[in-house]
Number of protein chains: 2
Amino acid sequence: MPQDAAICATQQPCEICPIRYRAVCAHCEGDELDELESMKFYRRYEAGQVVVWAGDRMDFVGSVVSGMAGLTQQLEDGRTQMVGLLLPSDFLGRPGREMAAYTVTATSDLVLCCFRRKPFEKLLIDNPRIASRLLEMTLDELDAARDWLLLLGRKSAREKIASLLVILARREAALIKRRPEGRIAIELPLTREAMADYLGLTLETVSRQMSALKREGVIELDGKRRVIVPSFVRLVTESGDDSDGGPLS
Amino acid sequence: MPQDAAICATQQPCEICPIRYRAVCAHCEGDELDELESMKFYRRYEAGQVVVWAGDRMDFVGSVVSGMAGLTQQLEDGRTQMVGLLLPSDFLGRPGREMAAYTVTATSDLVLCCFRRKPFEKLLIDNPRIASRLLEMTLDELDAARDWLLLLGRKSAREKIASLLVILARREAALIKRRPEGRIAIELPLTREAMADYLGLTLETVSRQMSALKREGVIELDGKRRVIVPSFVRLVTESGDDSDGGPLS
DNA sequence: CCAGGACCTTGACCCAAATCAAATGCCACA
DNA sequence: TGTGGCATTTGATTTGGGTCAAGGTCCTGG
């Protein structure tokens, strides 16, 4: 069983934080930001470490600063489904809930910017800027979850893989306010098993479809955790939904 | 193409509204409730009517008073997935969004309690009771969507059908603050096709599994839109997740 | 340099659910 | 009382992805 995360002393000031304008603090300024800054503490996890188990008490909430985490749900017989992917700027934990509803696992080395839950809940009542940003982020997550429903319910294994790559590319690009185009590289901080859990497939099927996409030139593999996409539009075509990814918000 | 909904003159006062303590207005009292009451207007739709098409402008938000609606998403080639089921007290529309992200269809006769979007957005800024209730409801919807991800990704056709029935039974019971037990009846205001769209199956598979559950005595059919469940625990067992449905919130 | 183990790939076979194709039941309405 | 239009059921057949079973690759540590 993994050790608890180091509560790390070295943390960045909010001014130079990479997720400053995308996280739950995005709309805060001046005093509000100072208050958050005084409350925050970092937690670090290694790839594979469990952040919380479903059903365990959870006394903090926080934002992903760097790395990736997965929310995971299970049936009694062990069938596992990842139900959320937390990327930088995403919010972890639910205000008003004592127990974690899902198991959270770091799928790569992970840094969280955390707040103790109770004081954060109080802040949420006093401070409409934070509350409204959290509502906005929750609505975005709901939209993302609903897109995922379409993927799980109706897409083929090949389309699922392509869709995952498209999402990762878009999220990576959004952090630097660009739109993915032409030839791109995608970091893939997930094992084949984690991909399978996310896509509702088995790891064998993920592996086979990755091989097929490679064979047909849709992707190239640079090691196991880095994918080169020669043509992003080709990948989007393979993903089944021909949308343009919406506004660059 | 269906006619636009009648904006109906006959509407109930909030005091005797069946969703008074579950909808977005749940925590409002006195003046706040009066303000909502003065703004509200009802809309009625017949089973099968479309409330909004994905991509269309949407100038109102609202709550389901009675009936049922489905949120639907599509791939270009026509594959369809329902991504949300709106039952009484559920909220429709997204503050801050001009265009509908999903097609909304009444799956049974439907009554909505609506507010024009702009004034409602203003209310959300001025009135933390409404904003916090909306956040709470959105977080609940996100949890429901995530449970649905597990269903779509990992459950068998039979488990999916049983799960849908369990959810409908729980929602029906929650409205009258009870917990489903023993022998119960479930209203099923969905066609086989709508069920298939919700469950990520074909309508033939839905029909076959309904027949199988009937043959084995898990359910009895009373007409096509009403299901009798002799033993609720048996149904929950068939649904795959053996949870107790959580607190009666 | 080699051994062990985690992770990944590939092959053979199987099965649950999709697809294709009729029937059947069930109104509403002439 | 028939008739057209649905929704639904049922049957036959196909197939995408699961399951089971080897191997292969690449670290890491002795």
Side-chain angles (χ1 to χ4, degrees), chain A residues 2 46-49 70 75 77-81 105-109 151-164 188-216 219-227 238 240, chain B residues 2 46-49 70 75 77-81 105 107-108 151-164 188-216 219-227 238 240:
Chain A
E46 283 169 35
Q49 254 190 303
L75 263 18
D77 62 7
R79 281 175 286 174
T80 299
Q81 176 68 47
T105 311
T107 59
S108 68
D109 289 352
L151 176 144
L152 286 179
R154 295 303 184 192
K155 286 188 179 175
S156 68
R158 163 188 275 249
E159 289 170 327
K160 286 177 174 180
I161 302 279
S163 299
L164 175 60
L188 193 61
L190 294 167
T191 64
R192 295 286 182 263
E193 187 176 27
M195 291 174 69
D197 284 347
Y198 205 119
L199 299 170
L201 299 170
T202 58
L203 67 91
E204 293 96 328
T205 298
V206 170
S207 183
R208 272 188 260 272
Q209 294 298 332
M210 290 286 284
S211 299
L213 289 171
K214 187 171 116 192
R215 203 162 43 239
E216 294 165 38
I219 61 173
E220 296 157 25
L221 295 183
D222 175 13
K224 299 213 182 301
R225 297 298 177 83
R226 191 180 164 81
V227 177
E238 294 289 351
Chain B
E46 285 170 34
Q49 255 190 303
L75 263 18
D77 62 8
R79 280 174 288 175
T80 299
Q81 177 67 48
T105 311
T107 58
S108 69
L151 177 145
L152 287 179
R154 298 301 184 192
K155 285 187 180 176
S156 69
R158 160 188 278 248
E159 290 170 328
K160 285 178 175 180
I161 303 278
S163 300
L164 175 61
L188 192 61
L190 294 165
T191 63
R192 295 288 181 262
E193 186 176 27
M195 292 174 69
D197 284 345
Y198 205 120
L199 300 170
L201 299 169
T202 59
L203 66 91
E204 292 96 328
T205 298
V206 171
S207 182
R208 271 187 259 271
Q209 294 298 332
M210 290 287 284
S211 299
L213 288 172
K214 188 172 115 190
R215 204 161 44 237
E216 296 166 38
I219 60 174
E220 294 158 25
L221 295 182
D222 175 13
K224 302 219 178 297
R225 299 297 175 85
R226 193 180 163 82
V227 177
E238 293 289 351

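The sequence lines fix the lettering, A, B, ..., with proteins before strands; numbering per chain opens at 1.
Put simply, CD on A:Glu204 is 15 Å from C1' on D:dG24, counting in whole angstrom units. Taking atom CZ of residue B:Arg154 and atom P of nucleotide D:dT19, one finds them 9 Å apart after rounding to whole Å. The distance between atom CZ of A:Arg158 and atom P of D:dT15, rounded to the nearest whole Å, is 18 Å. At whole-Å resolution of the value, CE in B:Met195 and C1' in D:dA7 are 13 Å apart. Summarising the geometry, the separation between CG on A:Leu188 and P on C:dC8 is reported as 9 Å, rounded to the nearest angstrom. With rounding to whole Å, B:Met210 atom CE is found 7 Å from D:dT9 atom P. At whole-Å resolution of the value, CG in A:Leu221 and C1' in C:dC7 are 14 Å apart. Separating the CG atom of B:Leu190 from the C1' atom of D:dC6 is a distance of 17 Å, rounded to the nearest angstrom.
The shortest distance between the side-chain N/O atoms of A:Arg208 and the OP1/OP2 oxygens of C:dT9 is not below 4.0 Å. Using a 4.0 Å cut-off, no side-chain N or O of A:Thr191 falls inside it from OP1 or OP2 of C:dC7. Taking only side-chain nitrogens and oxygens, B:Thr202 never comes nearer than 4.0 Å to OP1 or OP2 of C:dA17.
Of the candidate nucleotides D:dT9, C:dA18, D:dC20, C:dA18 has the atom lying nearest to any side-chain atom of B:Thr205. Closest contact between the side chain of B:Gln209 and the listed nucleotides C:dA21, D:dG18, C:dA17 involves C:dA17. Looking at the side chain of A:Ala157, the nearest of the listed nucleotides D:dT8, C:dT9, D:dG17 is D:dG17.
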| Trace of the side-chain contact (heavy atoms from CB on, under 4.5 Å) decision for A:Leu199 with A:Glu159 | CA-CA 10 Å; A:Leu199 299 170; A:Glu159 289 170 327; over 6 Å; no

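Side-chain contact between B:Lys160 and B:Leu164 is absent, with no heavy-atom pair separated by less than 4.5 Å. Using a 4.5 Å heavy-atom threshold, the side chains of B:Arg154 and A:Leu152 count as separate.
Under 3.5 Å, the side chain of A:Glu193 and the base of C:dC8 form no donor-acceptor pair of N or O atoms.
A donor-acceptor distance shorter than 3.5 angstrom exists from the side chain of B:Ser211 to the backbone of B:Ser207, with no hydrogens or angles considered. Under a 3.5 Å cut-off, the side chain of A:Asp109 and the backbone N or O of A:Glu46 do not form any donor-acceptor pair. In this structure, B:Gln49 contributes its side chain and B:Thr105 its backbone to no donor-acceptor pair below 3.5 Å.
Residue contacts for A:Gly223: at a heavy-atom cut-off of 4.0 Å it reaches no nucleic acid atom on any strand shown. Looking at heavy-atom distances under 4.0 Å, A:Arg225 makes contact with sugar-phosphate atoms alone, never a base. Across all strands shown, A:Ser207 has heavy atoms under 4.0 Å from base atoms, whether or not it also approaches the sugar-phosphate. When heavy atoms are screened at a 4.0 angstrom cut-off, A:Ser211 is found touching the sugar-phosphate backbone but no base atom. Counting any heavy atom pair closer than 4.0 Å across all strands shown, A:Leu203 reaches a base atom.
Between B:Val206 and B:Lys224, the residue anchored nearer the 5' end of DNA chain C, judged by the nucleotide with its closest heavy atom, is B:Val206.
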